[in-house]
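Given the structure is predicted, the values throughout are model-derived calculations rather than measurements. One-based numbering, in listed order, for ligands and for the atoms of each.
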Amino acid sequence: MMKYYILFGPPGAGKGTQAKAIAQKYNLKHISTGELLRGEIARGTELGLKAKQLIEKGSLVPDEVVEGMIESAFNTTTGVEGFLLDGFPRTIAQAQALDRILSARAEAVTSVLSIMIPDEMVISRISGRAAVEGRADDADESIIRNRIATYHSQTEPEIAYYREAGKYREVDGVGTIEEVRDRLFDLIDEL
Ligand code: ADP
């Protein structure tokens, strides 16, 4: 069976940074829906134009859009031991869709790896990276606050969903990049 890990956590928890190290160490394909959407925006596709308006408000793009991206990534990736999903699923409906997509392939979510940081740290980290990465959705504190609100209302309920499935694992996301990375490596090694 392939491995299907979900990297979970609020915006700014360091999912993208940690995903690269985990994917490399465990030979997983890292799929970031945020990066895929920013690619569509950069290429000026029709999907990108629609996504841009939602992303720059701090809202989510429609479930079907990201579900399609994920399924096509599953269909076109070879030569890995599994997948590391970063930024997906982000709603209960997406979590249910993922379960359907995987069960149709006789596969299942292996584990949810959650990186937890407090809301105050979300704001300071994202404001800090705004200057470095130049993302429009990082530039304005009111957009960041809206993303935090979206996370609490739409994404956080997934914790209960995956706890009930016995798949939820959490690490403390406060610390250096290396400290948090080693907590995640230990978690994966224990699974
Ligand atoms: P962050 O982890 O900082 O929130 P991402 O790069 O994961 O950043 O996502 C950026 C934006 O892209 C989100 O705020 C949202 O608008 C959109 N997005 C990413 N993944 C999804 C998803 N699974 N469902 C809906 N919208 C998404």
Side-chain angles (χ1 to χ4, degrees), residues 4-23 29-43 45 47-74 83-102 109 112-159 161-162 171 173 177 180 184:
Y4 292 86
Y5 295 106
I6 296 168
L7 204 51
F8 185 88
K15 296 188 293 292
T17 305
Q18 300 298 347
K20 290 185 177 64
I22 297 170
K29 168 77 178 173
H30 171 209
I31 306 175
S32 160
T33 43
E35 269 177 31
L36 291 174
L37 290 166
R38 285 188 288 281
E40 297 282 338
I41 295 172
R43 287 194 301 280
T45 64
L47 193 163
L49 288 174
K50 283 189 200 141
K52 186 176 195 296
Q53 296 173 2
L54 292 162
I55 291 174
E56 291 183 0
K57 281 195 301 189
S59 306
L60 297 180
V61 307
D63 291 334
E64 316 80 70
V65 170
V66 283
E67 288 160 14
M69 291 177 148
I70 290 286
E71 210 168 355
S72 93
F74 288 165
F83 294 87
L84 182 61
L85 306 182
D86 163 9
F88 179 92
R90 231 176 175 100
T91 62
I92 295 278
Q94 290 178 19
Q96 290 167 336
L98 177 62
D99 283 344
R100 283 195 302 274
I101 291 168
L102 291 181
V109 170
V112 177
L113 315 170
S114 173
I115 309 175
M116 268 309 140
I117 59 167
D119 285 358
E120 317 82 74
M121 197 168 282
V122 173
I123 307 217
S124 63
R125 284 197 187 172
I126 292 184
S127 309
R129 103 181 154 190
V132 184
E133 295 188 3
R135 277 171 53 176
D137 60 340
D138 284 350
D140 178 322
E141 185 165 328
S142 73
I143 300 172
I144 300 172
R145 287 196 183 282
N146 197 33
R147 285 159 64 197
I148 295 175
T150 302
Y151 167 77
H152 286 304
S153 64
Q154 302 204 53
T155 307
E156 207 165 43
E158 289 185 307
I159 295 177
Y161 182 86
Y162 286 114
V171 301
I177 289 174
V180 176
L184 288 161

Check: Leu98 and Phe88 side chains under 4.5 Å, non-hydrogen atoms: yes
For ligand 1, the residues whose heavy atoms come within less than 4.0 Å (ordered by chain, then number): Pro11, Gly12, Lys15, Thr33, Gly34, Leu37, Arg38, Ile55, Ser59, Leu60, Val61, Val66, Gly87, Phe88, Arg90, Gln94, Arg129, Arg135, Asp137, Arg147
Inter- and intrachain pairs under side-chain hydrogen bond (donor to acceptor under 3.5 Å, both in side chains), touching residues 123-132, at least two apart: Arg129-Asp138
Side-chain donor-acceptor pairs under 3.5 Å in residues 7-20, sequence neighbours left out?
{"from": "Lys15", "atom 1": "NZ", "to": "Gly9", "atom 2": "O", "distance (Å)": "3.0"}
{"from": "Lys15", "atom 1": "NZ", "to": "Pro10", "atom 2": "O", "distance (Å)": "3.1"}
{"from": "Gln18", "atom 1": "NE2", "to": "Ile177", "atom 2": "O", "distance (Å)": "3.1"}
{"from": "Lys20", "atom 1": "NZ", "to": "Glu35", "atom 2": "OE2", "distance (Å)": "3.4"}

Salt bridge (charged side-chain N to carboxylate O under 4.0 Å, His left out) partners for Glu56, two or more places apart: Lys52
Glu40 side chain to Thr45 side chain, donor-acceptor N/O pair below 3.5 angstrom: yes
Trace of the side-chain hydrogen bond (donor to acceptor under 3.5 Å, both in side chains) decision for Tyr161 with Asp99: CA-CA 11 Å; Tyr161 182 86; Asp99 283 344; 2.5 Å; yes
